Amino acid sequence: MESEMNYWLYKSEPNVYGIDDLKNEPTRTTCWEGVRNYQARNNLQAAKTGDLVFFYHSVVKPPAIAGIAKVVKEAYTDHFAFEPSHKYFDPKSNPEKPRWFMVDIEFVEKFDTPVTLETIKQEPALKEMVLLNNSRLSVQPVSAREWQFILELAKQ
DNA sequence: GCCAACGTTGGC
DNA sequence: GCCAACGTTGGC
């Protein structure tokens, strides 16, 4: 029985944390912390172990999908929200009733040729992508068709 | 650096 | 519950 596979797109500013940082982690994994938006959080919580993730570089020229990661640990409490000194501290989240969550992802692949936002915009097959229609959402779903189409572009 | 789009906050 | 004000994101 084949289990359901979901696809996602996670955005990050490479100046802060890029795909090379993930690749260079000793374990090649990291916790995807700091999501402080409810819609993005809900998408994080929907991730299952083994789901694949496009690693998108934003606020860089050119913005582009840089590669692939996979979910290796499903949503768990983002304890950074409890630490007042932390950048992502949220006084409204507490251990009894955590508001924010994170997942662990592992490096899979870095594209030789990143798939740029410009390329994505030019493809009619990708016009329904959340990336184009809700560009600020930092954790978003990708359909299986979109995933395959972008993979083809990355291999060209 | 600008600004459009979007989300959150808080007064009423 | 509405909405103005404000803050953030992110492409350009």
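Protein chains get the first letters and strands the later ones, always in sequence-line order, with residue 1 at the start of each. What you see is a predicted model, and the numbers here were worked out from it, not measured in a lab.
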Next on the checklist: Among residues 33-47 of chain A, which ones have heavy-atom contacts with DNA chain B below 4.0 Å?
Outcome noted: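 Going residue by residue through residues 33-47 of chain A, the ones with a heavy atom under 4.0 Å of DNA chain B turn out to be A:Asn37, A:Tyr38, A:Gln39.
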Item to check | Which residues share a salt bridge (charged side-chain N to carboxylate O under 4.0 Å, His left out) with A:Lys73, sequence neighbours left out | outcome: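 Checked A:Lys73 against salt bridge (charged side-chain N to carboxylate O under 4.0 Å, His left out); zero matches.
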Set of residues satisfying side chain to side chain contact (heavy atoms under 4.5 Å, CB included) with respect to [X], sequence neighbours excluded:
| X | value |
| --- | --- |
| A:Glu118 | A:Thr116, A:Gln122 |
| A:Phe82 | A:Thr77, A:His79, A:Ser93, A:Pro95, A:Pro98 |
| A:Ala40 | A:Val35, A:Asn37, A:Leu137, A:Ser138, A:Val139 |

Checklist entry - Can you give one letter per nucleotide of nucleotides 3-12 of chain C, 5' to 3': B if a protein heavy atom sits under 4.0 Å from the base, S if only from the sugar-phosphate, - if neither? => result ----BBBSSS
All N/O donor-acceptor pairs, side-chain side in residues 126-136 of chain A, below 3.5 Å, sequence neighbours left out:
unit_1	atom_1	unit_2	atom_2	d
A:Asn133	ND2	A:Lys127	O	3.2
A:Asn133	ND2	A:Glu128	O	3.4
A:Asn133	ND2	A:Met129	O	2.9

Name every donor-acceptor pair, under 3.5 Å, that has one atom in a side chain of residues 47-57 of chain A and the other anywhere in the protein, sequence neighbours excluded.
unit_1	atom_1	unit_2	atom_2	d
A:Thr49	OG1	A:Glu74	OE2	3.3
A:Asp51	OD1	A:Asn6	N	3.2
A:Asp51	OD2	A:Trp8	NE1	3.0
A:Asp51	OD2	A:Lys48	N	2.9
A:His57	NE2	A:Ile19	N	3.1

Checklist entry - side chain to side chain donor-acceptor pair (under 3.5 Å) with A:Lys61: which residues, sequence neighbours excluded? => result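 Scan of A:Lys61 (side chain to side chain donor-acceptor pair (under 3.5 Å), adjacent residues dropped) gives none.
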